[in-house]
Amino acid sequence: MHRLRQTAAALAAIVTFATVGTAAAAPTPGELKVGVVADISTLDPQLMTNITDASVSQNINEGLVRFKLGNFEIEPLLAKSWSVSQDGLTWTFELVDNATFHKGYGPLTADDVVFTFERLTGDALKAPNRRLIGSFASISATSPHAVEIKLSAPDPSLLVKLAQRATAIVSKKAVEEKGAGFALDPIGTGPYQFDSRVTGQSVLLVKNPDYWGTPATLDKVTYTPVPDSTTLQLAFEAGDLDMIPVEDSVKLAEYEANPELTVQAVPGLWTRFIGFKDTVAPFDNPKVREAITYAIDRENMVDNLFKGLSTLADGIFAPAVLHRTPVVKYSYDPEKAKALLVEAGLADGFSVDMMVPNTARFIDPATAVQADLAKVGIKINVVPVELNTFITTLSSEQGYPMYLLARGQDPTPDRVIGLWFLSSSIPTTNWARISDPEIDAWVKQGLSTMDEAVRADVFAKAQEKFFAYNGYYFIDHENSITVHHNWVKNFVNDARNSIRIDKVTIEP
Amino acid sequence: MARLALKRLLAAIPTLFGAIVVVFFVVQLIPGDPVRVMLGENASAAEVEEVRTALGLNDPLPVQFLRFAGRYATGDLGVSIFSRQPVAGEIAQRLAPTVQLALGGVLVAIVLGVPMGVLAAARRGTLVDHLCLGASTLGVTVPNFLIGILLSFAFASKLGWFPTLGAGTGGFWSTLNALVLPSLTLGLAGMALVARMTRSAMIEALGEDYVRTANAKGLSQRRVVYWHALRNAAIPIVTIVGLNFGHLLGGTVVVELIFARPGLGKLLLDALLARDYPVVQGVCFLIAVLFILVNLIVDLLQPLLDPRVQP
Amino acid sequence: MTTPAPLLSVRDLTVEFRRDRSWLRALHGVSFDVFEGETVGVVGESGSGKSVTVQSLMGLLPARSSRLAAGSAVFAGRDILRLPRRELRRIRGKDIAMVFQDPMSSLNPVFTVGYQIAEAIREHNPGLSRETLRERTLAVLSRVELPHPAQAFSTFPFQFSGGMRQRAMIAMAIANAPRLLIADEPTTALDVTIQAQVMQVLQQARGTGSAMLLITHDMGLVAEATDRVIVMYAGRVIETGTTAEVFAAPRHPYTRGLLASRPKLAAAGGRLTPIPGSPPNIASLPGGCAFHPRCALHERHRDPICVDTVPALLPREGAGLVACHLTHLLGSAQREMETT
């Protein structure tokens with residue numbers, strides 16, 4: 001009898017205890033719960049390099065300009081207007097006069113802007129992106145609400161750089177006061193302010209009641225890092241999270257078929273490709289590279305393997321990149337591939353190692369490529385390599401003869417085209433080791449003029465010639481995909497998966 | 001007793017120093033560049049070099065080591081290359097949840113494993129014995145991430161009894177509630193070991209003459225088994241749990257990942273992949289300290305459990 | 001004159017052990033009595049079944065590998081071999097207590113001596129206060145003549161010498177004033193010099209209220225300490241009687257052999273006379289009388305009945321019983337043996 005009572009008491013305790021802390025799965029109006037894959041590392045705009053940091057920070061610290069919602073056109077933000085001198089070396093920005101920093105840190109003035117840029121480019125901070133604006137010379141306040149930026153060479157993509165995190169404006173007073181602590185208690189002018197953070201668990205932003213612009217539409221925004229994709233999906237499906245990224249084709253199909261969920265997929269700013277080191281055999285023979293381009297069935301891969309996770313690549317650069325041209329065209333013709341190999345003197349095919357970073361994102365397409373190439377007698381040995389080691393080796397003199405990777409891009413082509421196309425970028429970022437004086441000239445011209453028509457022209461020529469080398473086989477542009485419950489309204493996804501929450505409301 | 005503890009702690013200092021040296025140099029041997037990772041595949045060589053130099057990563061290795069050793073001697077664990085936050089702070093924020101999880105795992109392993117082992121030993125050779133052994137073996141054969149996901153799916157997602165992720169919202173009960181499934185996941189593997197150890201230690205104890213004496217005194221079966229026999233079997237069990245602590249710590253990485261708990265394991269893993277050397281060094285150092293502490297505790301427990309052992 | 005009822009009456013005790021897939025008989029119909037207050041010695045070589053007998057009385061044989069094939073043991077009116085566990089536990093440590101051979105292994109190493117004794121007292125006297133338990137423990141520790149009982153209370157077994165440990169065991173056994181004290185080779189594991197001391201303590205401390213079953217292979221001890229003696233061989237009782245009679249006139253060749261094999265100080269320089277051969281393996285007992293292959297009588301007379309038939313325990317000259325077909329021939333044979 002005594003034992004029976006003991007057991008009953010224990011069971012009752014368990015049930016009571018277990019229902020404590022059961023998460024409320026119902027959505028709360030005014031509160032958005034975002035699921036992300038990684039935890040924040042820092043919220044200091046000048047120091048951040050990872051995408052979660054950027055997603056959170058954009059609501060707190062604003063730049064002089066920003067992208068329009070859903071695309072990459074520039075619109076004014078803290079700078080209400082601007083002009084550039086004829087020679088492209090002097091930019092003048094007029095600031096809004098009613099912007100204030102959070103938590104009583106005072107109004108935004110030109111001094112804060114000057115402070116931000118000097119901090120970014122100065123030696124003390126050792127900012128990773130200090131050379132973002134490569135030709136930056138100086139900045140000065142010409143009046144309490146105007147600044148002048150002087151460059152040593154024209155920079156046609158300056159405005160895009162001013163929409164990046166590294167140039168988001170911080171409060172001089174707050175930085176001087178908080179020092180290194182600013183990184184975990186940032187002060188900005190944005191519609192949301194930083195509230196609190198539990199390491200590895202959540203970041204909480206709350207509405208800024210004194211925001212100078214259109215008021216924020218939410219009261220609270222929580223970012224919850226969940227590194228494991230299954231756990232992330234479970235939490236989302238249970239309603240504990242309102243929106244999450246999607247990277248799995250099965251889950252994608254499931255979510256798309258669910259009428260209570262909305263999936264938004266946009267071709268992202270990435271291109272996935274196979275690369276060759278054009279200076280070693282057998283890839284030093286153009287016919288071999290050409291043969292490979294006929295031997296791979298891209299459509300099959302994108303339709304059946306990736307099933308909605310990516311869009312077939314029709315250009316070197318993603319569709320959202322300015323001045324990109326659809327130069328990429330392949331046809332799947334294994335017989336032609338074999339014929340080309342015979343011409344190259346490799347009628348019996350050959351074997352080669354193909355290095356890939358060791359995640360499914362690269363191993364899956366690598367396996368498909370391996371199967372395709374086997375049919376024309378090319379034996380690929382897929383070698384997964386840990387990401388960091390991969391990137392370091394690829395960027396070194398040694399490089400990899402054949403590899404599979406993806407390359408992220410910016411809304412303007414300037415930075416990446418220089419790194420990818422120029423012979424001076426061998427071997428660090430010009431992995432195919434393409435050295436072509438014509439391409440060099442076109443690219444350099446495009447980078448140094450402010451005339452968009454000229455830039456469009458020369459960049460198009462460069463892309464076409466670059467493509468013809470077949471130093472890379474371009475596969476697809478991975479999509480930026482977000483899924484959210486239907487009670488989340490007015491969310492617009494973009495090609496960078498930046499999680500812009502302007503105008504988002506919760507209507508349960 | 002206190003003198004012994006002090007003596008052992010002092011003796012541990014050379015070990016710690018050795019650990020630091022090893023960690024520093026081994027980490028450097030791994031190919032890969034933290035700045036290259038930080039700046040991405042689109043950074044130029046010049047940019048990367050500039051940041052590397054600014055962070056002191058291009059200094060000769062002995063110089064870097066001296067700087068590093070000097071800092072550690074003053075208790076400064078350095079600054080993370082990525083977050084620029086003090087390593088000590090990054091560790092401190094994650095120490096409590098990891099220790100809670102490790103203790104939870106140990107508790108589960110003992111609370112489930114010991115009774116199973118005792119039962120198996122008391123009913124040795126019968127079906128009950130085989131069932132207990134089999135059930136405990138499941139704990140080692142089924143990979144713990146699978147167990148974790150299954151438990152999470154059944155009890156958190158479907159039944160809603162426990163949170164699917166996180167370490168609780170701060171209150172005592174909330175923290176405990178969030179510890180249940182992760183501790184179970186972590187502890188099930190340890191449970192197998194503890195059950196087996198308990199079983200063999202108990203079989204040996206139950207065959208000893210003093211058990212016969214206890215029976216001859218008219219003591220109840222329960223008292224003989226759980227007090228006289230188990231009390232003796234506890235000695236090897238405690239030792240094995242202590243020795244296995246390292247394994248348990250390693251297991252926290254996967255569990256923290258599945259349940260999205262903050263923790264040292266995840267911190268170390270991420271830092272390793274990113275080549276964030278100061279963080280890797282700091283966490284490894286802390287783990288070495290934890291090891292030494294746990295071994296010390298086990299050693300100090302011995303004379304308490306077994307009066308024949310001289311402290 | 002009516003004899004009072006025996007305190008313990010064992011009849012036909014038959015115990016088997018499991019070996020591989022079959023059962024081996026270790027005790028064959030053992031029967032004997034113990035009366036209030038007396039000391040009964042049980043002697044025999046190793047393997048004769050002495051320990052098995054007393055352990056089966058206490059229910060201490062391993063449950064899965066042994067079984068009671070037949071027999072009864074009536075103690076104070078109840079058959080203790082058929083009592084439910086709970087009842088048996090009430091008797092163990094209280095009415096019947098045991099002292100084991102090796103006190104080092106028989107005492108729990110992680111508890112103090114005082115704790116283990118107090119535990120025995122508390123088990124059968126629930127509700128006593130801690131002070132009372134301590135007092136009683138100290139009292140019994142004094143009875144076994146342990147110096148500084150208060151100190152001994154908090155000492156661990158490994159800190160004691162062999163003799164002191166055995167005294168502690170004795171203390172534990174007599175703490176509840178048992179009606180029957182079973183001592184299984186209590187001095188065998190001790191130094192010769194300590195043996196006498198411990199025996200003395202045993203005798204004194206148990207008091208006149210307790211009967212004692214003393215298991216031993218030491219005939220000298222039997223002569224000094226026991227009132228009656230039971231001789232066992234190969235799992236059977238082969239002779240019983242008062243110690244005086246059995247020693248003066250043993251009626252079984254084995255008993256004679258045991259007595260003759262004692263080292264005699266008087267015959268200095270003489271050879272020891274062991275019993276030829278060695279104890280039989282219970283798995284393969286000789287047919288008929290188990291002793292016959294080693295028996296001088298049988299060797300001389302070669303009577304087939306010794307090989308065919310197990311001798312029954314029958315009354316002998318004087319009181320007591322003996323199990324031997326040729327016991328009547330013993331008188332002449334003895335004289336013959338003594339002159340050889």
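Order of the sequence lines sets the chain letters (A, B, ...), proteins ahead of strands, with each chain counted from 1.
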Does any backbone or side-chain atom of [X] lie under 4.5 Å from a heavy atom of chain B? Answer side chain, backbone, both or neither.
{"X": "A:Asp44", "value": "neither"}
{"X": "A:Ala124", "value": "neither"}
{"X": "A:Ala183", "value": "both"}
{"X": "A:Leu125", "value": "backbone"}
{"X": "A:Val416", "value": "side chain"}
{"X": "A:Pro128", "value": "both"}
{"X": "A:Trp431", "value": "side chain"}
{"X": "A:Ala127", "value": "backbone"}
{"X": "A:Thr230", "value": "side chain"}

>> On a heavy-atom basis, which atom in B:Pro262 and which in A:Gly200 lie closest, and how many Å separate them?
In response: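 Smallest heavy-atom distance, with atoms named: CB-CA, 3.8 Å.
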> What is the minimum heavy-atom distance between B:Leu165 and A:Val226, and which atoms define it?
Replying inline: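 Where B:Leu165 meets A:Val226 most closely, the heavy atoms are CD2-CG2, 3.3 Å.
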>> Set out, in order, the CA-CA distance, both residues' side-chain angles and the distance that settles side-chain contact (heavy atoms from CB on, under 4.5 Å) for A:Thr429 and B:Ser44, then state yes or no.
In response: CA-CA 7 Å; A:Thr429 47; B:Ser44 70; 5.7 Å; no
Between [X] and chain A, which part of the residue has a heavy atom less than 4.5 Å away: side chain, backbone, both or neither?
{"X": "B:Ala274", "result": "backbone"}
{"X": "B:Leu39", "result": "side chain"}
{"X": "B:Phe155", "result": "neither"}
{"X": "B:Ala43", "result": "backbone"}

> Between the main-chain N or O of A:Ala235 and the side-chain N or O of B:Thr164, is there a donor-acceptor pair closer than 3.5 Å?
Replying inline: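 Flag not set: sc B:Thr164 to bb A:Ala235 has no pair under 3.5 Å.
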>> The criterion is side-chain contact (heavy atoms from CB on, under 4.5 Å); which residues satisfy it with A:Thr359, sequence neighbours excluded?
In response: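 Scan of A:Thr359 (side-chain contact (heavy atoms from CB on, under 4.5 Å), adjacent residues dropped) gives A:Arg361, A:Phe362.
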> Checking side-chain contact (heavy atoms from CB on, under 4.5 Å) for the pair A:Asn388/B:Leu273: CA distance, chi angles, key distance, verdict?
Replying inline: CA-CA 7 Å; A:Asn388 198 322; B:Leu273 291 176; over 6 Å; no
>> Can you tell me if A:Lys220 has over 12 outside heavy atoms packed within less than 6.0 Å of its NZ?
In response: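 It does not: A:Lys220 NZ has 12 such atoms or fewer within range.
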> How about A:Arg433: does its CZ atom have over 12 heavy atoms from other parts shown lying under 6.0 Å from it?
Replying inline: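 Yes, the 6.0 Å shell around CZ holds more than 12 heavy atoms from other groups.
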Chain B contacts, top residue of [options] (heavy-atom pairs, under 4.5 Å):
{"options": "A:Thr199, A:Thr49, A:Val198", "answer": "A:Thr199"}
{"options": "A:Gly418, A:Pro225, A:Gly408", "answer": "A:Gly408"}
{"options": "A:Leu387, A:Thr224, A:Leu47, A:Asp410", "answer": "A:Leu47"}
{"options": "A:Leu234, A:Asp53, A:Thr42", "answer": "A:Leu234"}

> Is there a side chain to side chain donor-acceptor pair (under 3.5 Å) between A:Arg415 and B:Asn42 once you walk through the steps?
Replying inline: CA-CA 8 Å; A:Arg415 190 163 74 114; B:Asn42 283 335; over 6 Å; no
> Between A:Glu386 and B:Arg275, does at least one N-O distance fall below 4.0 Å, as a salt bridge requires?
Replying inline: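 Salt bridge between A:Glu386 and B:Arg275, a charged N being under 4.0 Å from a carboxylate O: yes.
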> Does a salt bridge link A:Arg130 with B:Glu50, judged by any charged N lying under 4.0 Å from a carboxylate O?
Replying inline: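 The answer is yes: the pair qualifies as a salt bridge.
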When [options] are compared by non-hydrogen pairs under 4.5 Å with chain A, the top option:
{"options": "B:Lys266, B:Lys158, B:Gln85", "value": "B:Gln85"}
{"options": "B:Glu47, B:Arg84, B:Met38", "value": "B:Arg84"}
{"options": "B:Ala260, B:Pro34, B:Gly32", "value": "B:Gly32"}

> Going from CG on B:Asp33 to CD1 on A:Ile391, what distance comes out if it is rounded to the nearest 0.5 angstrom?
Replying inline: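 Taking CG in B:Asp33 and CD1 in A:Ile391, the distance rounds to 10.5 Å.
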> In Å, rounded to the nearest 0.5 Å, how long is the span from CZ of B:Phe153 to CD of A:Glu237?
Replying inline: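 Here the rounded value is 8.0 Å.
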Indicate yes or no: at least one non-hydrogen side-chain atom of [X] is less than 4.5 angstrom from one of [Y].
{"X": "B:Arg36", "Y": "A:Thr428", "answer": "yes"}
{"X": "A:Lys126", "Y": "B:Val51", "answer": "no"}
{"X": "A:Thr392", "Y": "B:Pro31", "answer": "no"}

> What residues of residues 86-108 of chain B sit under 4.5 Å from chain A when you count only heavy atoms?
Replying inline: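 Within residues 86-108 of chain B, the residues that come under 4.5 Å of chain A (heavy atoms only) are B:Gln93, B:Arg94.
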